[in-house]
Each structure stands twice: as structure tokens, then as C-alpha cells.
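Notes follow the structure.
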There are 2 protein chains.
Amino acid sequence: MAFHSRNRSKLSDVARMAGVGNATVSRALNGGKNVSSEKMERISAAIDELSYRPNRVARSLKGASSGMIGMIVPSISDTFFSRCAEAVEAVAHEHGSLLVVIPSHENDETIISGLRQLLLHHVDGLLLAHSTPHSRELAAELRGLRLPVVGIDGPLTELGLPSVVCQNFRGATLATEHLLGHGYRKVIHVQVKPALYTMCERARGYVAAMKAARARPTTEIIANREDALAVLKRHVGAGAEPFGIFAGNNLTARYLCEAIRLLGLAVPQQVALLSFDDFDLADTLHPPTSVVEQPIDLMGRTAAKILFERLAAAVHGPEGRPTPAIMLGPRLVLRESCGCDPVRVRKAGQDDADRASDSLLAAVSGSG
Amino acid sequence: MAFHSRNRSKLSDVARMAGVGNATVSRALNGGKNVSSEKMERISAAIDELSYRPNRVARSLKGASSGMIGMIVPSISDTFFSRCAEAVEAVAHEHGSLLVVIPSHENDETIISGLRQLLLHHVDGLLLAHSTPHSRELAAELRGLRLPVVGIDGPLTELGLPSVVCQNFRGATLATEHLLGHGYRKVIHVQVKPALYTMCERARGYVAAMKAARARPTTEIIANREDALAVLKRHVGAGAEPFGIFAGNNLTARYLCEAIRLLGLAVPQQVALLSFDDFDLADTLHPPTSVVEQPIDLMGRTAAKILFERLAAAVHGPEGRPTPAIMLGPRLVLRESCGCDPVRVRKAGQDDADRASDSLLAAVSGSG
DNA sequence: CTGAAAGCGCTAACAT
DNA sequence: ATGTTAGCGCTTTCAG
């Protein structure tokens, strides 16, 4: 039980060794205000000597910061959220804080119980990734919280809480316009989980872009590969004309790609594809899939930064005035599935990887 | 500061309401031993009434369990580790514990400082995923720890600590034998990060299988797509004969796939591919990539389970006797890149998804 | 079986 | 500027 304290020196040990009072050591530890530089020296010498580190638990019990922040995400293993978490952890680390991650499985009750558990552990603040509309209970729970909370991926605007999201609407518009720009007169939107905030925004953006181009928007909801197959069959069968698909997220794109492969459809000759959210092998797929890339790392870092700012400013709980969500811009990553010219695309590539493979490609074809 | 305790009832409130002493409530909370059933009733009624939840921090300060476990992984966003973490979290949740994840970036010093930070926060136990050989410092740190530690992915056997790993050797043997079984006389092994324990084991398994088949093993180390390109060029150029590649992990496979695409190589006609560790779009790639699948979820759950067992048994620190690592079996997932017949493969598919798409496929080709 | 009392290591008044 | 003191909420002897 008491294996924590094995040999570990405590604040009073430091005080004794430095020949000062406990409070002085505590003060020295917390900013060193109101401590003479002479004692400051003696204290830090003693700290080094004893290799003393303050016990976060005791500190936390007393009411000071616990050095932990919580993050509630739909799923820990989902690429998007694990990358968010990684960015958040990086910022937390800079602030000497630990990150506790709890999966919600998109269930409001799970969120509430997770929230309470985090509270019991005295976390200093909370990041909440939740893009389904919250239940009344969750809203109440959040409203009653005296703890800095920042939303990520889904806005907490209605609750007066700050949040960081991607410009889903804009990304969708960009994608749709791009597809339209390739000359496809018919561009459909396929998505999963239409209830999600992010999906709604993307669908809205798609519709807006279609309307602006005087084209007729069509949104299809799918839940699996079989649905994708059915949707594809229907639209391919409807006319010989090639058409574009704007996929709502990478899961949608995955179902679609699988279905396309099963049907033996030519991309982009028969169907052009552009998906929201980049994914690992998008580049390696046949053909490479064009995507709207979200600034995941920036989203995570920004949200965490806001949280720590509030922590420092001791701004707990909702503000009186509504807090607009910070919306970060997505980026079109053009590969080939949207109909872009492979050569032009490769030429336009700006990063080193692209350039490097260019020259190697040339070398290879020269030797083959 | 004191926003944690806002209205929150404490143990003494429960005691007062139930008309018993603090100690009795505490006992009731911790197993209810030595408490009359009558007071037990009154206490639990009071707990419900006040919706009391014990403060984990206070409990932890006093020396009891903190309700938190730590996990140190090379990277939070890496699919393998985030899936491990998810499994671990599930078990932790069952035990009412929180999971704190720290990324090590495969750096021993980072691990050590992370370790110490976790200690300061009184975590009850630790899961360590680290498959590079540990430095003397890390070994010493680990040895001195009075805390249950369980290794995952890499063994901590030398330190007398339990660990859970995949049968990397066996998986590699399986893969190599399978490739050999397809009739490829030449099968090479390509990998990244040869220093990793996992990679060593896989390379050993490959070599063993090759030797058993009286074939000459060739292991190539790559670090990026360009290396993959160079390796491929060399081996394709070396002879017209098709050959097999056993890729050490999914990153290797990815580089290889990209390079294969850039070179326009036919898979499996010119190069057959079989990779260790499944990945998201393996199925959608052209052709679908065969892999050795690791029981990731089981690994995470098992490691966590062992940790909680030790926690319950109060077995802290290394055992006297060496603790053999628990080695979980991988599974060959045969798709097409290894040379398996697409039709046969699909027929052999046992899960619903496969069956479902089969029938749909039939429907589709019938209508086309 | 039960309650009173003594801390766990730290911070924050409150004196000085 | 500095020391003394009183807890934070809980567990745990130690007496009954």
C-alpha cells in the first residue's frame, strides 16, 4: 500500500534541510513569490539534493490543480480522435499535465458518468469531442460543471462553451465545387451517420454548392458496404453519364471504394470520388483518392491551448455571452480519384515526399 | 479552486445521516466487512440519498488505490497502440479505473520521466509497450519500482515482469511458409526498424522457415518509400522470375504498395505480398493484401487483466523467478496479394460481411 | 462490531 | 518575507 512513499522525500524534508518553514518551500515551489532569493537558493539546493518532487495527489486534495486533464472521445482507436488526443497530449505535456482519455461510444449517459468520474479525480479541465446533439441531461450536467470545458469536432456553442471545429461546410463546398469543376453535371453526396453535427454541416455545404451551380443535390445515407453497393448500382444504372461522389467521411469512402472495386467501376472515368477527411492509404489506393484534409493536429492543439488558457485565467464554466466556435480551415488534397490529371497532380505536389518520388520514378522508368 | 467540492457530500455527511461513525462508513464502502447488516442498510440508504461518491483523490492520498492506471506507448495515434489502449481502457473501466496514456516516442528517457510522473500521481499500476531493448537506466528504474508493471508487445521477461506479446516468430513462419507454398522459390523479407523486438522475432521466424525449406533468406531494411522502390527495382531486375515478399509490418507494406504502384508491378503475378499486422484498407487495396493478423484486442485485454490480478493480489514489482511472456497466436488472413485465388478466398470467407457481399456481387453481375 | 482520533503531503490563511 | 497552523476527505490503528 504505502509503496508510493517508499523513500520519497516530502516537502517537510526539504524545509528541514533548507532550514526554513514548510510554507516557504511551498511558496518557492509555486512561483517563488515572496521568498528571498537567499532562501530560494537554499531550497532549490535541498530539492536537488533530495531529488524532491511534489506529490500531485496531496496538492490536488488540497484544492490546487491536479495536473490532469480529461478528454472524452467517441472512440479511442478511431484515427481522427487518436490523432486529436495525441495533439492534446503534446500540449498537456508542455504544461506538465497528464491526459486521461475516456471513450463515450457516442452515448450521452456514458459521457455523464465519465464526466463525474473525472470530477472525482479532480481533473483540472475537460475536452469533449461529441458531435451528436446532446440530451437535456448532458446539457444540464455540462451547465452545472464548475470546470473549464472545451469542445472539439462538435461545437458546444449553445452551452456558452468554447470549441474548436473544422470548417465542415466550407470543406464540403470546396469538394463539391471541385467535382463540378471537372465537368460532372451529376454529383451525389453519400454519408453515414447523418445525425452527426459534422455530417450535417458537410451535407449543407454540399447542397449549397450544388444549388449555387444550379445542379440538383442528392444525398444518400449508407451504413455499410452493401448499402454502398446498392447506391452505386442505382446511380450507375440510371444513366451512362459519369458522375461524381462527395463522400462524407473516410468510412463512407471506404465502403464506396470496396463497392467500386466489387463492381469493377472505372475511377474516375465512370465514377469520380472525393472524400472528406484524409486517411492512411488514400494515396496508395487505385486510383489514389482525393480528399478534404482536416487540420487534425491543429484542432487538437488549439483546443488544448484554449483549455490551458482558461485554466490559467481561472475561467471556469460557461461564459455569460455565447462563445463562437473556432473554425479551422480544411485543405483540398488532390490526387486522382476526383478526375485530376495524374501528371498535373504529381507536378503540383509541394512536399518532399512527392518530389522525391518524382525523381525516383523518372530514374525507374529510364532503367525499365 | 474549491469548485470540486461544490455541494458534493462527503463521507462524514453520510456518517452523520446514517447515524454512524466515519470509520463504519469507510468500512462499508470497502467491502463491508465487520459491519452489521443493519448499519449497512442505513449507510447505503444515506449514500443513495446524498448521491455520495467517494473522493478518489483523498482515498489515494491516504495510500489506498487511486483508481488510475498508466500506459506508456510509443505513439498514441499509431493504430496498433490505440487499439491496445482501447482494449486496456475497457478492462480498466470494468474495474472502475481511469487510464492515463503517455507517448514515449520510443525514447527511454521519456519513458523514465513519464514513469516518475505517473508515480507522483499514484497510479495503481502500469502497462509498458516498449519493444526496443531498454537502456541500463530504464531497467534500473523499472527494477526499483514498487508498482505492478506489465509489458505489452515487447517482453519484460529479463526484469522478471509479466508481459503479453504476439507470437511474432510463429506468424512470420506461417507467412513465409504460405508464400513458399504458392511456389515462389524466392521469398524476401522487407522490414523497417530492425532493432525492435517484434521485428527481430519476425525476421527470425522468416529465416527459420526459409532454412527449413532449403531456401536462401534475404532480409532488406527500408526506411521510406524510396528505399522500397530501390529494393523492388533491384529484385525485379535480378530475374524475370516472380517472387514473394514478406513485409515486417504494415508500414513496410505501405511503402511497398506505394512503390509497387509507382513501378506498375503486377501483384501477385510479378510480386506476391504478405504482410505482418492487418490494416484498415488492406481489403480495398488492389489487389487486397493478405496479412498476418495480430490479436490486438486480446493482447490489450490480457495485459490489463494480468495487471488487475496483480493489483488485487498486491503483487508489486518483479517476481523472484523469471516470468515467461504470454504469447498470443496470430492468424493468417488470406486475401489476394499473396497469390491466393480470389474466388477460393472469397468462398473461404467465414464472416457475414464476406458472405453478404458475395450474394450482392452475384446480384450485381446478374443485373449488369 | 464500532467510533474516536491520527494522519497521508500539501496549501493557504493568519500571524509575525 | 517567513513560520505556524488548520485542514482537504479519506483510511486505519486503537480502544472500547
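Side chains are part of it too, since the values below use all heavy atoms of this structure and drop only hydrogens, waters and symmetry mates. Numbered from 1 within each chain, the chains take letters A, B, ... in sequence-line order.
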**Asked** With sugar-phosphate meaning primed atoms plus P, OP1 and OP2, does B:Val57 contact a base, only sugar-phosphate, or nothing at under 4.0 Å between heavy atoms?
**Response** nothing
**Message:** In whole Å, I'd like the distance from the CZ atom of B:Arg53 to the P atom of D:dC10.
**Reply:** 11 Å
**Request:** Whole angstrom is fine here: how far is it from CG in B:Asn34 over to C1' in D:dT12?
**Result:** 13 Å
**Item:** A:Glu309/A:Lys305 salt bridge by N-O under 4.0 Å criterion
**Value:** no
**Asked** If you check every side-chain atom of A:Lys39, which of D:dT2, D:dG9, D:dG7 has the closest atom?
**Response** D:dT2
**Asked** Over how many whole Å does the gap from B:Arg56 atom CZ to D:dG9 atom C1' extend?
**Response** 13 Å
**Request:** Determine the contact category for B:Asn55: base if any of its heavy atoms lies under 4.0 Å from a base atom, sugar-phosphate if only primed atoms, P, OP1 or OP2 are that close, otherwise nothing.
**Result:** sugar-phosphate
**Asked** How about B:Arg59 and B:Leu29: do any of their side-chain heavy atoms sit closer than 4.5 Å?
**Response** yes
**Message:** Can you tell me whether the side chain of B:Lys62 and the base of C:dG7 have a donor-acceptor pair closer than 3.5 Å?
**Reply:** yes
**Spacing of B:Glu41 atom CD relative to C:dT2 atom C1', expressed in whole Å** = 18 Å
**Salt-bridge criterion met for B:Asp13 and B:Lys10 (N-O under 4.0 Å)** = no
**Request:** Measure the distance from CZ on A:Arg8 to P on C:dC8 and round it to the nearest whole Å.
**Result:** 16 Å
**Message:** What residues from residues 23-33 of chain B pass a heavy-atom cutoff of under 4.0 Å to DNA chain C?
**Reply:** B:Ala23, B:Thr24, B:Arg27
**Fill in**
CE of A:Met71 to CD1 of A:Ile102, rounded to nearest 0.5 Å, is 12.0 Å
**Prompt:** From the list D:dC10, D:dT2, C:dC10, which nucleotide is the closest neighbour of the side chain of A:Ser36?
**Reply:** D:dT2
**Item:** Length of the CG-P vector between B:Leu11 and C:dC8, whole Å
**Value:** 19 Å
**Asked** If you count the non-hydrogen atoms of other residues, nucleotides and ligands that lie under 6.0 Å from NE2 in A:His93, is the total more than 12?
**Response** no
**Request:** Between C:dC10, D:dG9, D:dA1, spot the one nearest the side chain of B:Ala58, thanks.
**Result:** D:dG9
**Message:** Within the supplied structure, the quantity of interest is the number of heavy atoms (other residues, nucleotides, ligands) at a distance under 6.0 Å from A:Glu94 CD; does it exceed 12?
**Reply:** yes
**Asked** If you check every side-chain atom of B:Leu61, which of C:dT2, C:dC8, C:dC10 has the closest atom?
**Response** C:dC8
**Asked** How many angstroms lie between CG in B:Leu61 and CZ in A:Arg56, if you round to the nearest 0.5 Å?
**Response** 13.5 Å
**Prompt:** Rounding to a whole Å, what distance do you find between A:Leu120:CG and D:dC10:P?
**Reply:** 9 Å
**Prompt:** How close or far is atom P of C:dA13 from atom CG of A:Asn22, stated in whole angstroms?
**Reply:** 17 Å
